[in-house]
Amino acid sequence: MKIFVINGPNLDMLGLREPEIYGSDTLESINAELTDYCKTVGVKPSFFQSNHEGEIVDIIHSARGNADAIIINAGAYTHYSIAIRDAIAAVDLPCIEVHLSNVHKREEFRHHSVLSAVCTGVICGFGKKVYTLAVDALTL
Ligand code: DQA
């Protein structure tokens, strides 16, 4: 099984960015741990990070034919990007929306996701474990 793991804006700043909310691990180390985990369950991950909405749309499009599923943390775009929502709907692949933080415990503007309705499921609030939990959701 091939999975595209897509991280959106400001997730390249993990480790430095509000560590009390997002933890002290960098995206690089989270991806390295996820790579190790994927090996144990026979999954081949491909990692992408972009701060640009259109680039994320392009990456999602390229999943078609190149991946069996998508894991996406779209960062703040989660809450308002209809373009990313439409891209997820267009490729018609299993897609898990993840968030490191429990967005429902935070500011009201984070409570709504425009992506959830076109995703298979949503996992949030478990820190970096959300990525391995998403792999489990796709494979178990
Ligand atoms: C986030 C939650 C979003 O509200 C925020 O804009 C992010 C990160 C998370 O992983 O908890 O950038 O997606």
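Order of listing sets the numbers, starting from 1, for every ligand and every atom in it. Bear in mind that the values here come from a model prediction, so they are computed numbers and not experimental data.
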Name the residues with a heavy atom less than 4.0 Å from ligand 1?
->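 Residue list for ligand 1: Arg17, Tyr22, Asn73, Gly75, Ala76, His79, His99, Leu100, Ser101, Val103, Arg110.
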Closest approach of Asp68 and Leu93, non-hydrogen atoms and distance?
->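 Taking every non-hydrogen atom into account, O-CD2, 3.9 Å.
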All salt bridge (Lys or Arg N to Asp or Glu O under 4.0 Å) counterparts of Glu107, not counting sequence neighbours |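 Residues passing salt bridge (Lys or Arg N to Asp or Glu O under 4.0 Å) with Glu107: Arg110.
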Salt bridge (Lys or Arg N to Asp or Glu O under 4.0 Å) partners of Asp25, counting only residues at least two apart |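 Testing Asp25 for salt bridge (Lys or Arg N to Asp or Glu O under 4.0 Å), a comparison that skips the adjacent residues, returns Lys128.
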Looking at residues at least two apart in the chain, or sitting in another chain, which of them share a side-chain hydrogen bond (donor to acceptor under 3.5 Å, both in side chains) with Tyr37?
->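 Asp136.
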Verdict with reasoning, Thr78 to Glu97, per side chain to side chain donor-acceptor pair (under 3.5 Å) | CA-CA 9 Å; Thr78 303; Glu97 174 186 340; 4.9 Å; no
Starting at CD1 of Ile84, measure out to CD1 of Ile59 and round the result to the nearest 0.5 Å.
->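 The CD1 atom of Ile84 sits 9.5 Å away from the CD1 atom of Ile59.
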